[in-house]
Amino acid sequence: MSVPVTSFLKASLWSRIRKQLPGEKVMAEEKPWALISEVVANGGVGIDHLDVPYINSLGVKVTNTPGVVSNATADIGMALLLASARKVVEGHQVAMDPKITHIPQSLMGVEVSESTLGIIGMGHIGYKIAQRGKGFDMKILYHNRSRRSVEDEQAVGATYCANMDDLLKESDFVMLAVNLTPETTRLIGHRQLSLMKPTATLVNVSRGLVVDQDALVKALQSGTIRAAALDVTYPEPLPRDHPLLGLPNVLITPHVGTHTLATTIKMVQQMVDNAVAAVKGQTAPNEPAVAVGNVGQLAVDLIVSTLNMSRVGHIHTDCLIPMAGNNPYATCKEDAEELHTPAEVYTAAELKLAVLQIRAPIVQTKSKKFRQLLVSWIKASGFSRTVVLSSSHAYQRDDQQLQGTPLRYLATPSLLKVSADALKELGWREMERVSAFPGLTDANTEPRLHIPGGGITKGLYTDSCTEDLSLAVLLLFCSEGDNIPDAFTLVNHLNDWLHLLDNHSPEPNKWKIPPSWNLLFGSGIPPALF
Ligand SMILES: O=C(O)[C@H](O)CO
């Protein structure tokens, strides 16, 4: 297949679009990539090394190669786990050394079969690791932002640990398979390592920055944990005098999780398919959903789909980018062909619930008009209370917002009159007002609401206060990337308050994923439209 490559990436541009990690030298040749004028086609699933907003701001798309890397990455996870447990590298050295005449005590390994494997990050790769662990009769625990379906859990015999600490305390092997995001950066530090068993092994096939490496060095030196097996570090490669390289209980491979011929061919094929589609102006098959602004919309999808809500109307307005598509919640071929539009209203009469799903971006110059339209619709409909589901860029949190839960709420005075006790009981955290100029104290400037990435959320909340509407905002700090797990977090949070699911499902947090989510990876709207 020939790719009309119009310009290859120059090293200087590469270093601009590539995020530099602490102490790292950026080498243009180190990854399979190609830049064509429309797309940065990344080889591999992780795009944490790319400055996606900057690249997108140039009108260039970013694509990746999810799915095809999962088997090989899960394989290296198991390879590291087994090699560390059974001291394969040390055994090889002993076998090769003519001076050694007996098997040293230090070659005594730990048993893998029937031990406990704790997987942190149960996406595609984590799940493949669970399948492999099942083959070794391992007891499997997992921690993930959202719980997997009961069917998925049963298929590999995995038990969900809502609290990561429980997994850390119980596991013989802790396997890291998360994406690198602000939430997972240094996820494993002193405290987490000290919860692990002294006989436990840490295996990392995700990204080096998920582990606080200084804390890991100390834990390995002091015997807090038995060993570590790492395919990823920071930087890569480690400086030759790095303390990790001098420890006997560390096994390191040079980020070769996807490094098999078969997977490399599949990755390159996917990169080419993505690039060709982008150059032709078509939907690139693997363009990660990168807008945090999608999270509220996805959460609403789960509600409408799970509660089987009826479509009762739509809002027709020139404030939204016009678009139309098939029924996102289709249950059969017939209703799949129904035409659906950007702003539709669904109801569940028995729950006295109406939902407005906004699917299209708001035309920037018409955002005030759209807010006014929403306020008058809420008033005219006589809703007793309204909840807005939204999200905000995690990386723009200020210091006080960094710790603890990423979930926040806002409530208008009118809503507080009736729901203040309920909110207090839930123990929710109110969205903090932040300084207009972080780091600078100015007695004259009031802290203000700042919801970057949240679209009209802030304006709608402010209008609702002025108009005396009973309205709450539920939002989540999250990052660009695959934001499906964020949607689950948000909708579960809403459910803690409104108990939407209680009469609909015997399983906790069992939401029905609409068929349209198969299409979530795809190109966004051309920026020129805004
Ligand atoms: O992200 C991935 O898929 C691998 O780490 C290769 O970069």
Side-chain angles (χ1 to χ4, degrees), residues 9 14-15 17-21 24-35 39-52 55 62-81 119-129 132 175-185 187-188 202-211 213 229-238 251-275 284-290 479-483 485 521:
L9 193 58
W14 172 243
S15 62
I17 65 170
R18 165 96 153 89
K19 281 191 212 155
Q20 201 151 345
L21 303 175
E24 188 182 39
K25 279 195 226 118
V26 171
M27 288 175 290
E29 308 80 347
E30 75 191 29
K31 276 202 162 246
W33 52 262
L35 175 83
V39 60
V40 174
N42 179 68
V45 64
I47 49 168
D48 50 279
H49 56 290
L50 294 172
D51 192 341
V52 178
I55 299 169
V62 174
T63 63
N64 67 345
T65 64
V68 297
V69 299
S70 308
N71 275 329
T73 311
D75 288 347
I76 200 107
M78 289 312 281
L80 285 167
L81 184 155
I119 303 172
I120 298 178
M122 192 69 140
H124 281 127
I125 296 170
Y127 197 72
K128 295 269 179 192
I129 293 167
R132 284 150 179 76
M175 177 79 73
L176 302 176
V178 288
N179 284 331
L180 179 66
T181 66
E183 291 78 40
T184 60
T185 301
L187 182 69
I188 304 296
L202 181 73
V203 186
N204 189 3
V205 291
S206 59
R207 288 292 182 264
L209 278 166
V210 172
V211 178
Q213 251 168 217
L230 315 167
D231 186 43
V232 285
T233 57
Y234 67 90
E236 285 169 1
L238 287 171
L251 176 58
I252 303 183
T253 48
H255 200 149
V256 285
T258 57
H259 227 62
T260 68
L261 187 58
T263 293
T264 304
I265 289 172
K266 285 187 206 147
M267 267 177 15
V268 172
Q269 183 62 55
Q270 216 171 62
M271 289 164 72
V272 171
D273 291 347
N274 286 329
N286 301 107
E287 188 181 353
V290 290
S479 310
E480 292 167 331
D482 176 2
N483 40 34
F521 281 84

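Counting starts at 1 for both ligands and their atoms, following the listed order.
- Of the polar atoms of Val69, none of the N or O atoms is found under 3.5 Å from an N or O of ligand 1, judged by distance alone.
- If you look at Val45 next to ligand 1, the close heavy atoms, those under 4.0 Å, come from the backbone and the side chain alike.
- Heavy atoms of Arg207 found under 4.0 angstrom from ligand 1 belong exclusively to the side chain.
- A salt bridge links Asp75 with Arg132; the closest basic N to acidic carboxylate O contact falls under 4.0 Å.
- Each of the atoms 4 (C), 5 (O), 6 (C), 7 (O) of ligand 1 lies under 4.0 Å from some heavy atom of His255.
- Taking any N or O of Thr258, backbone or side chain, none lies under 3.5 Å from an N or O belonging to ligand 1.
- Donor-acceptor pairing under 3.5 Å is lacking for the side chains of Gln270 and Asn274.
- A distance of 12.0 Å separates CG of Leu176 from CG of Asp231, quoted to the nearest 0.5 Å.
- You'll find the side chain of Leu238 reaches within 4.5 Å of the side chain of Gln213, heavy atoms only.
- With Val205 as reference, Ile76 is the one residue of Val210, Val232, Ile76, Leu230 to meet the side-chain contact (heavy atoms from CB on, under 4.5 Å) rule.
- For the pair Met267 and ligand 1, no heavy-atom separation below 4.0 Å is found.
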